[in-house]
Amino acid sequence: MTKADLAYSRIRQQILTGELAPDADLDQEGLAADLGLSTTPVREALRRLESEGLVLIRAHRVATVAPLSYETMLNVYEMRLLLDPAAVSAAANRITVEESKQLRAMAADHPRSQDPIVHLNWNRHLHRAVYAACGNPILIGTLDSLWDMSDRYRMIMVKDQEASKSVRQDHFAIVSAVADKLADRAARLMYEHVAESHARLRSVFE
């Protein structure tokens with residue numbers, strides 16, 4: 001892991017957990033001192049976080065944590081409702097036997113940790129493995145970008161234990177449909193899964 005990777009990982013976690021609040025100013029020298037690094041890797045990390053929509057960098061390198069935006073959340077989930085089902089449908093049509101075994105093993109290996117960041121990262125890792133099986137690099141890259149933008153919003157749901165239980169059940173059903181090459185079922189289940197997350201987030205903002 002490079003110094004820039006370390007700075008990116010630490011700052012990103014602080015944003016996701018709310019330790020660095022929305023609209024908070026990001027003092028690059030202060031962050032560097034806290035991390036025991038120079039400002040160069042911190043600057044690189046902030047540019048990477050800007051590309052994910054987590055940081056805003058204005059003139060004169062003034063950086064702030066991006067605000068939580070209801071409109072942004074709606075736009076991101078509108079795209080995911082279209083693309084996530086399409087990706088899992090394609091994945092179900094082309095998935096190999098070995099990939100099916102790996103997906104089933106991942107879905108069964110749910111983390112026992114109480115740390116919401118662990119669950120957030122595991123959830124994303126599983127979803128990416130599912131949609132990456134579609135084999136379309138443009139679609140995969142687009143979904144990667146959408147997931148980058150939605151992580152802070154998803155963090156709200158990760159803290160909801162009842163919602164987390166429902167999500168685990170959804171994951172098993174989606175993975176099973178993909179692994180069994182049931183493309184239409186996989187697409188429907190994924191659409192319902194994303195729509196449910198969307199509805200929960202809308203209720204929080206409204």
Side-chain angles (χ1 to χ4, degrees), residues 16 52-53 68-113 116-206:
L16 291 176
E52 296 181 3
L68 289 173
S69 165
Y70 180 65
E71 182 177 0
T72 296
M73 184 274 291
L74 289 178
N75 290 337
V76 167
Y77 273 82
E78 180 178 317
M79 290 298 296
R80 283 195 56 204
L81 282 167
L82 294 172
L83 298 182
D84 273 283
V88 298
S89 176
N93 282 322
R94 69 158 301 279
I95 195 165
T96 65
V97 172
E98 184 58 33
E99 287 173 331
S100 293
K101 290 179 180 178
Q102 292 173 356
L103 281 182
R104 291 186 193 275
M106 288 175 63
D109 188 26
H110 195 276
R112 297 180 180 180
S113 171
I117 290 291
V118 171
H119 287 269
L120 185 81
N121 291 336
W122 180 87
N123 181 72
R124 177 165 181 170
H125 183 57
L126 177 65
H127 268 270
R128 193 184 192 283
V130 172
Y131 67 71
C134 75
N136 183 326
I138 296 175
L139 180 53
I140 294 167
T142 302
L143 280 168
D144 282 344
S145 178
L146 290 170
W147 277 74
D148 286 339
M149 288 186 283
S150 66
D151 271 345
R152 278 195 302 169
Y153 302 98
R154 293 192 305 110
M155 187 67 181
I156 296 170
M157 292 181 295
V158 169
K159 295 177 180 178
D160 183 338
Q161 294 298 317
E162 192 60 35
S164 295
K165 182 179 179 181
S166 174
V167 165
R168 288 197 296 272
Q169 295 170 343
D170 288 353
H171 286 160
F172 279 115
I174 291 167
V175 165
S176 294
V178 172
D180 292 337
K181 293 183 174 291
L182 301 175
D184 290 344
R185 175 174 170 77
R188 176 177 58 79
L189 289 172
M190 180 59 79
Y191 183 90
E192 292 171 353
H193 178 63
V194 177
E196 186 174 355
S197 296
H198 187 195
R200 287 200 188 101
L201 283 171
R202 288 182 64 180
S203 69
V204 171
F205 276 89
E206 294 174 347

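No hydrogens, no waters, no symmetry mates; every other heavy atom, side chains included, goes into these values.
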(request) Begin from the C-alpha positions of Leu143 and Met79 and carry the test side chain to side chain contact (heavy atoms under 4.5 Å, CB included) through to its verdict. (result) CA-CA 9 Å; Leu143 280 168; Met79 290 298 296; over 6 Å; no

(request) Answer yes if the side chains of Asp84 and Tyr77 hold a donor-acceptor pair under 3.5 Å, and no otherwise. (result) no

(request) Indicate yes or no for a side-chain donor-acceptor contact from Thr96 to the backbone of Glu99 under 3.5 Å, with no hydrogens or angles considered. (result) yes

(message) Would the distance check show the side chain of Ser203 and the main-chain N or O of Arg200 forming a donor-acceptor pair, the cut-off being under 3.5 Å?
(response) yes

(message) I'd like to check His198 versus Glu78 (side-chain heavy atoms, cut-off strictly below 4.5 Å). Are they in contact?
(response) no

(message) I need the Met73 CE to Ser150 OG distance, nearest 0.5 Å.
(response) 10.5 Å

(message) Taking atom CG as the centre, does Asp184 end up with more than 12 heavy-atom neighbours from other residues, nucleotides or ligands that are less than 6.0 angstrom away?
(response) no

(message) Can you tell me how the ring of His127 sits relative to the ring of His171, calling it parallel under 30°, perpendicular over 60° and tilted otherwise?
(response) perpendicular

(request) Report yes if the side chains of Arg128 and Ile140 come closer than 4.5 Å at any heavy-atom pair, otherwise no. (result) yes

(message) Strictly distance-based, threshold 3.5 Å: is any side-chain N or O of Arg124 a donor or acceptor partner for the main-chain N or O of Asp144?
(response) yes

(request) With the side chain counted from C-beta on, respond yes when Trp147 and Arg80 share a heavy-atom pair under 4.5 Å apart, and no when they do not. (result) yes

(request) State whether the side chain of Thr142 and the backbone N or O of Ile138 hold a donor-acceptor pair below 3.5 Å, judged by distance alone. (result) yes

(message) Quick check: closest heavy atoms across Ala177 and Arg185, and the distance to 0.1 Å?
(response) CB-CG, 4.0 Å

(request) Please confirm whether the backbone N or O of Val167 pairs with a side-chain atom of His193, one donor and one acceptor, at under 3.5 Å? (result) no

(message) Tell me whether Tyr131 contacts the main-chain N or O of Ala86 through its side chain, where contact means a donor paired with an acceptor under 3.5 Å.
(response) no

(message) Are more than 12 heavy atoms, taken from residues, nucleotides or ligands other than Lys101, located less than 6.0 Å from that residue's NZ atom?
(response) no

